[in-house]
Amino acid sequence: MNAVLIALLVLPLLGAALTLAPVFGPDRAAADRRALRFGTLVTGAVLVLTAALAAGFDHDEPARMQATTDVAWIPAIGVRLHLGVDGVSLPLLVLTSLLTFLCALYSERRLPSGAGVPSARAFVGLFLLLEVGMLATFAVLDLVLFFLAFEIVLIPMYFLIARWGSGAKVPAANRFILYTLLGSAVMLLGFLLVGLKAGTFDMQALAAAHGSGLSHSTQVIAALAIMVGLAVKAPAWPLHSWLPDAHTAAPTVGSVLLAGVLLKMGTYGLVRVLLPVVPDGTTTLAPYLGAFAAVGIVYGSLACLALSRTGAKGDLKRLIAYSSVGHMGFVLLGIASLTPVGVNGALFANIAHGLITGLLFFVVGALKDRYGTADLDTLAGATGGALYGRAPRLGALLAFAAVASLGLPGLAGFWGELLAMFGAFDPAEGLSRPAFVTYMVLAGLGTLLTAAYLLIVVRRVCMGDPKQPAPVAELADLRPYEAVSWTPLAALTLLAGLWPALLLGLSDPAVKHLLGGG
């Protein structure tokens with residue numbers, strides 16, 4: 001299985017390199033078609049390998065690191081090529097492979113276009129390089145390698161926004177890379193402090209030591225630096241301001257991967273690095289993380305509520321971006337509780353958010369393609385968008401994704417938020433229970449506000465009189481390639497909601513292992 005894990009990383013890297021070679025033919029149009037088909041084949045092969053990895057995973061021992069590779073890479077500074085997968089990282093690897101394949105499949109029929117856009121070969125090459133960085137982040141077990149994988153995704157995503165985006169795409173891309181680079185630099189300082197003081201960058205060895213050999217002040221300083229760097233990518237309030245602009249400008253597949261995978265890299269790092277490596281420093285800073293999370297939940301919901309009002313000229317992609325700030329606040333609140341219940345809820349909410357928000361961005365991207373805009377007032381029209389009457393399948397999918405996002409029981413969005421609030425209700429020893437109960441109450445208020453703005457969106461866009469003049473001459477319903485790309489996300493959202501043990505059975509032993517110093 002270690003060969004399968006290595007192949008997961010090598011295959012898209014070789015695919016990205018191959019797009020630089022003149023192997024797709026001299027004719028531009030034919031070469032673009034071949035390149036897009038090649039991207040689908042490579043990401044499909046990666047998805048098959050991920051399925052094989054999941055099938056071969058020993059589900060009786062999800063806390064044990066499996067499919068490991070551990071060889072010296074840079075002996076002078078003790079950096080090792082250390083790879084592995086456990087119950088925390090396996091679901092994220094599967095989610096990444098699935099979303100990347102669905103995005104490649106969608107792009108084969110709907111490649112983002114615009115003035116001055118280069119060939120599809122460049123798009124596919126950047127897309128595959130992005131997949132390498134995302135998968136590697138969840139597979140590496142060395143702090144230096146984690147930092148490198150964390151950084152690999154920045155350049156491809158920058159160009160996907162700046163070259164294939166729309167609107168104020170270059171300023172949005174600049175803000176994205178500026179924020180994330182500065183956050184990564186701060187995170188690297190924390191990694192170096194831990195590695196130099198502990199004498200190793202190996203994440204398994206550091207987790208086993210569980211902070212022994214590191215003074216309390218060292219742990220607090222390192223935890224602060226690592227937490228700030230990862231919070232930018234999460235994103236946590238008030239370090240979130242790059243996200244709405246990036247989502248608004250990004251192409252559809254860029255928004256899907258940005259929300260579905262890149263945001264998870266920050267929260268995964270908090271669980272994988274912060275909790276087991278510097279536990280005392282994390283305990284000291286956990287109340288502040290919980291406070292920022294609670295404020296982010298309410299702030300994101302209020303921002304969405306303001307954008308959803310009639311006449312506010314709110315961009316629907318921007319609204320979903322702000323909703324991500326609120327949803328990721330639940331993830332951060334669960335982590336801040338430092339309890340198995342809360343951290344399991346955070347990891348479940350990670351996967352649920354990737355599925356649901358990925359589906360939302362797909363649907364909203366399709367609406368933007370049809371209307372030429374994602375402006376909510378335009379989409380709703382004077383009498384309501386009436387998607388139920390004009391494009392019933394598209395309207396049904398938008399409504400399904402919205403009610404899943406607001407946390408309807410029986411769908412994936414429910415369990416993660418519920419468990420995160422349970423964790424805040426009874427936080428770990430050493431944390432202030434009154435403070436965390438206050439955070440839980442604020443989170444509960446956020447769930448009510450979330451339901452309010454999402455139901456307003458559904459009412460305005462899906463309901464209305466289809467007999468009234470439509471905002472566009474013709475509104476096509478769900479197309480076959482859209483159905484193929486989106487149906488797996490809807491099905492998994494329902495499956496995770498009805499069978500939460502599918503994910504919790506994997507993560508719970510691994511989380512207890514990490515919190516207990518393993």
Of all pairs that satisfy salt bridge (Lys or Arg N to Asp or Glu O under 4.0 Å), the ones with a partner from residues 292-302, not counting sequence neighbours: none

Got a donor-acceptor contact below 3.5 angstrom from the K169 side chain to the T248 backbone? no

As a quick check of understanding, evaluate side-chain contact (heavy atoms from CB on, under 4.5 Å) for L262 and L130, giving each step before the final call. CA-CA 10 Å; L262 266 66; L130 180 64; 4.3 Å; yes

Check this for me, if you would: do D375 and R318 make a salt bridge, where the nitrogen-to-carboxylate-oxygen distance has to be below 4.0 angstrom? no

Kindly check if the number of other-residue, nucleotide or ligand heavy atoms within 6.0 Å of OH (Y288) is above 12? no

Minimum side-chain heavy-atom gap L489-L99 below 4.5 Å: yes

Any F123 side-chain heavy atom under 4.5 Å of L160 side chain: yes

Pairs meeting criterion side chain to side chain donor-acceptor pair (under 3.5 Å) with involvement of residues 400-411, two or more places apart: H327-S405

Surrounding CZ of F159 (heavy atoms of other residues, nucleotides or ligands, distance under 6.0 Å), is the total greater than 12? no

Measure the CG-OG1 distance between L93 and T137 for me, rounded to the nearest 0.5 Å. 10.0 Å

Validation row: K368, L316 side chains within 4.5 angstrom (heavy atoms): no

Step-by-step ring pair (Phe, Tyr, Trp, His ring centres under 6.0 Å) determination, Y481 to Y106: CA-CA 7 Å; Y481 72 91; Y106 182 83; 5.7 Å; yes

Please report the shortest heavy-atom distance between G358 and V256, naming the atom on each side. O-CG2, 3.6 Å

So, S255 versus K317: side-chain donor-acceptor pair below 3.5 Å or not? yes

Nearest non-hydrogen partners of R460 and S308, listed with the distance: NH1-O, 3.0 Å

OH of Y453 to CD1 of I320, rounded to nearest 0.5 Å, is 9.0 Å

To the nearest 0.5 Å, atom CG of L90 lies from atom CG of L95 at 11.0 Å

Residues in ring-ring contact (aromatic ring centres under 6.0 Å, His included) with Y268, at least two apart? F138

Can a salt bridge be assigned to the pair D477 and R390 using a cut-off of 4.0 Å between side-chain N and carboxylate O? no

Whether W237 side chain and Y299 backbone form a donor-acceptor pair below 3.5 Å: no

Of all heavy-atom pairs between A451 and L406, which one has the smallest distance, and what is that distance? CA-CB, 4.0 Å

Solution key, residues 37-51 side-chain donor-acceptor pairs under 3.5 Å, sequence neighbours excluded:
| residue | atom | partner | partner atom | Å |
| --- | --- | --- | --- | --- |
| T40 | OG1 | L36 | O | 3.2 |
| T40 | OG1 | A104 | O | 3.4 |
| T40 | OG1 | E108 | OE1 | 2.8 |
| T43 | OG1 | G39 | O | 2.9 |
| T43 | OG1 | T40 | O | 3.1 |
| T50 | OG1 | V46 | O | 2.8 |
| T50 | OG1 | S97 | OG | 2.7 |

Determine, stepwise, if the pair L258 / L243 fulfils side-chain contact (heavy atoms from CB on, under 4.5 Å). CA-CA 9 Å; L258 184 59; L243 185 69; 4.3 Å; yes

Run the numbers on L419 and V343 for side-chain contact (heavy atoms from CB on, under 4.5 Å), then give the verdict. CA-CA 8 Å; L419 292 174; V343 177; over 6 Å; no

Output yes when a side-chain donor or acceptor of R110 lies under 3.5 Å from a complementary backbone atom of L105, and no otherwise. no

Flag, side chain of W486 to backbone of L397, donor-acceptor distance under 3.5 Å: no

Verdict with reasoning, R272 to D86, per side-chain contact (heavy atoms from CB on, under 4.5 Å): CA-CA 11 Å; R272 176 64 72 195; D86 64 356; 2.6 Å; yes

Can you find a heavy atom in the side chain of E131 that is under 4.5 Å from one in the side chain of L11? no

Separation between CZ (R34) and OG1 (T19), nearest 0.5 Å, reads 15.5 Å

May I have all residue pairs that pass salt bridge (Lys or Arg N to Asp or Glu O under 4.0 Å) and include part of residues 480-505, sequence neighbours excluded? R370-E482, R479-E482

Taking all heavy atoms of L13 and all of V132, pick out the closest pair and write down the distance. N-CG2, 3.4 Å

Are more than 12 heavy atoms from other residues, nucleotides or ligands located less than 6.0 Å from atom CZ of F422? no

Please give me the minimum heavy-atom distance between F150 and G266, naming the atom from each residue. CE1-N, 4.3 Å

Given side chains that start at C-beta, do those of M421 and T447 come closer than 4.5 Å, heavy atoms only? yes

Pairwise side chain to side chain donor-acceptor pair (under 3.5 Å) hits with a residue in residues 336-354, at least two apart: K264-H353, T267-N350, S324-H353, S337-T339, N344-S507, N344-D508, H353-T357

Side chain proximity check, M187 to V228, heavy atoms < 4.5 angstrom: no

Would you say L367 and L398 make side-chain contact, with heavy atoms under 4.5 Å? yes

Say whether S301 and Y322, considering side chains only, have a donor N or O and an acceptor N or O under 3.5 Å apart. no

Separation of Y439 OH from F292 CZ (nearest 0.5 Å): 9.5 Å

F436 to A286 - nearest heavy-atom pair and separation: CZ-O, 3.9 Å

May I ask you to test the D245-P171 pair for a side-chain heavy-atom distance under 4.5 Å? no

The reported gap from OG1 in T493 to CZ in F400 (rounded to nearest 0.5 angstrom) is 5.0 Å

